[in-house]
Amino acid sequence: MRRFWLVGILSAFAGLAAAQSFDAVSIKPSAPDARGGGFNLSQGHLNAKNQSLRDLVQFGWDLHDYQVSGGPSWVESDRYEVVATFPAGTSNADRAKMMQAMLTDRFGLVVRHDSKEVSGYALVVTKGGPKLHSPGNEEPGMMMGRSRATGQRTLTATSQPVANLASILSDIMGRPVEDRTQIAGKFDFSMAWTPDAVDGGTGATGGKVLPPPENSEPGPTIFTALQETLGLKLETAKVSVPVVTIEKAEKPSGN
């Protein structure tokens, strides 16, 4: 009886391991003259173009650049093309586990998890209180854009918790933003602001400050837009964030 019990346990673990592995993975060095790159996710497919191992670690653990350190110099300099397939309907959490397992297997990756305090922002409520709206009937979502008429960045959210706003603000600012509003529930909200050097000039994509269209009037900064439109504000603060240190890495095995 004990033997059958053990076989059952091992089978369960085998099934779990299979569920956390990509169906197929191709890893190739990027061309020496490759430019640009990024991650493209579609139903059942992941395409990482011209990405370093450091980039892949950030994606696999949903981290920012300042949360990853360590490893030999090539983890930043060498670039790869990664194509992976997985079952349609795979959750984001399971896909992340697949990514982590792939990096461990193909790059011999060993990481150490820790936390540290860094300079960031606390998202808090202004004295006048929040200006958030009860959700309507639209599908939940959050979308970044840019107005061609004014050159302003826009953020529109439907049925989203304030914690998700803090998360996207962290992407925009390039520094961690911690939700300290203590506001529960989901809301609809939108705001627009003029990008500047503080938020990378182009919002979540970073890069140079883009000039506004001719004859357009300057709009509010992201700090002003938060206060005037949403009744929230960003205050400088020390924020504890998870960090990953690359302790060991090897150049990837062949396909």
Side-chain angles (χ1 to χ4, degrees), residues 20 37-39 41 46 48 51-73 75-77 91-104 107 109-126 130 142 144 153 155 157 160-184 186-187 189 191 193 195-207 221-223 225-227 230 232-249:
Q20 293 180 357
F39 292 90
L41 275 172
L46 165 65
Q51 298 297 294
S52 67
L53 176 57
R54 186 187 180 104
D55 297 326
L56 296 172
V57 170
Q58 289 179 49
F59 183 83
W61 275 272
D62 190 22
L63 301 172
H64 296 277
D65 182 69
Y66 56 80
Q67 293 173 274
V68 181
S69 63
S73 60
V75 303
E76 294 188 53
S77 59
S91 68
N92 291 341
D94 283 342
R95 191 186 65 243
K97 292 175 183 176
M98 293 176 182
M99 187 74 176
Q100 295 166 18
M102 181 274 289
L103 294 175
T104 300
F107 286 86
L109 183 69
V110 177
V111 300
R112 183 178 76 252
H113 296 272
D114 207 341
S115 63
K116 69 175 181 180
E117 278 199 339
V118 298
S119 296
Y121 296 98
L123 182 65
V124 299
V125 179
T126 62
M142 189 176 290
M144 289 276 294
R153 296 296 297 185
L155 173 63
Q160 294 294 311
V162 175
N164 285 3
L165 171 61
S167 178
I168 200 167
L169 286 172
S170 184
D171 291 333
I172 293 168
M173 305 303 291
R175 295 167 67 181
V177 176
E178 187 175 87
D179 175 22
R180 299 182 186 175
T181 63
Q182 297 184 327
I183 298 175
K186 296 182 179 181
F187 306 91
F189 50 86
M191 67 177 193
W193 70 97
D196 57 23
V198 174
D199 62 14
T202 56
T205 58
T221 67
I222 192 168
F223 298 97
L226 277 168
Q227 294 188 53
L230 305 185
L232 306 175
K233 64 179 180 178
L234 290 172
E235 297 180 339
T236 56
K238 287 291 186 180
V239 180
S240 179
V241 297
V243 294
V244 162
T245 302
I246 299 174
E247 295 197 321
K248 179 184 176 184

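Owing to the predicted nature of the structure, the values given are computational and were not obtained by experimental measurement. All values below come from the heavy atoms of this structure, side chains included, with hydrogens, waters and symmetry mates left out.
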4.5 Å side-chain heavy-atom contact, [X] and [Y]:
X	Y	result
Lys233	Leu226	no
Ile222	Met173	yes
Val68	Trp61	no
Leu155	Arg153	no
Val125	Leu232	yes
Pro130	Thr181	no

Discussion item. Holding to side-chain contact (heavy atoms from CB on, under 4.5 Å), I want the full list of residues that pass it with Ala48, two or more places apart in sequence or in another chain.
Written reply: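 Only Phe39, Gln51, Leu56, Val82 meet the side-chain contact (heavy atoms from CB on, under 4.5 Å) criterion with Ala48.
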Worksheet entry | Contacts of Glu247 that satisfy side-chain contact (heavy atoms from CB on, under 4.5 Å) - sequence neighbours left out |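 Glu247 satisfies side-chain contact (heavy atoms from CB on, under 4.5 Å) with Val110, Arg112 only.
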Item to complete: Would you mind telling me which of Leu109, Leu63, Asp114 makes a side chain to side chain contact (heavy atoms under 4.5 Å, CB included) with Val244?
Response: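 The single option meeting the side chain to side chain contact (heavy atoms under 4.5 Å, CB included) with Val244 is Leu63.
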Discussion item. Strictly distance-based, threshold 3.5 Å: is any side-chain N or O of Ser170 a donor or acceptor partner for the main-chain N or O of Arg175?
Written reply: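 Yes; judged by distance alone, with no hydrogens or angles, the pair exists.
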Discussion item. So does Pro242 get a backbone contact from the side chain of Gln67, meaning a donor-acceptor N/O pair under 3.5 Å?
Written reply: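 Yes, because the side chain of Gln67 sits within donor-acceptor range (under 3.5 Å) of the backbone of Pro242.
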Might you point out which heavy atoms bring [X] and [Y] nearest each other, and give the distance in Å?
X	Y	answer
Met142	Leu165	CE-N, 4.0 Å
Ala225	Trp193	CB-CB, 4.0 Å
Pro176	Val241	CB-CG1, 3.7 Å
Val243	Ser115	CG2-N, 3.8 Å

Practice prompt. Kindly indicate, with the supporting measurements, whether the criterion side chain to side chain contact (heavy atoms under 4.5 Å, CB included) is fulfilled by Met99 and Leu46.
Written response: CA-CA 10 Å; Met99 187 74 176; Leu46 165 65; 3.8 Å; yes
Practice prompt. List in chain and number order the residues that pass ring pair (Phe, Tyr, Trp, His ring centres under 6.0 Å) with Phe107, two or more places apart in sequence or in another chain; answer none if no residue qualifies.
Written response: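 Ring pair (Phe, Tyr, Trp, His ring centres under 6.0 Å) list for Phe107, sorted by chain: Tyr80.
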Worksheet item: Can you list the steps and then say if Glu76 with Arg54 is a salt bridge (charged side-chain N to carboxylate O under 4.0 Å, His left out)?
Response: CA-CA 6 Å; Glu76 294 188 53; Arg54 186 187 180 104; 3.4 Å; yes
Fill in: Asn164 and Ser167 side chains, donor-acceptor separation under 3.5 Å
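Side chains of Ser167 and Asn164: no pair found under 3.5 Å.
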Fill in: side chain to side chain contact (heavy atoms under 4.5 Å, CB included) between Arg95 and Leu41, worked out
CA-CA 11 Å; Arg95 191 186 65 243; Leu41 275 172; 3.4 Å; yes
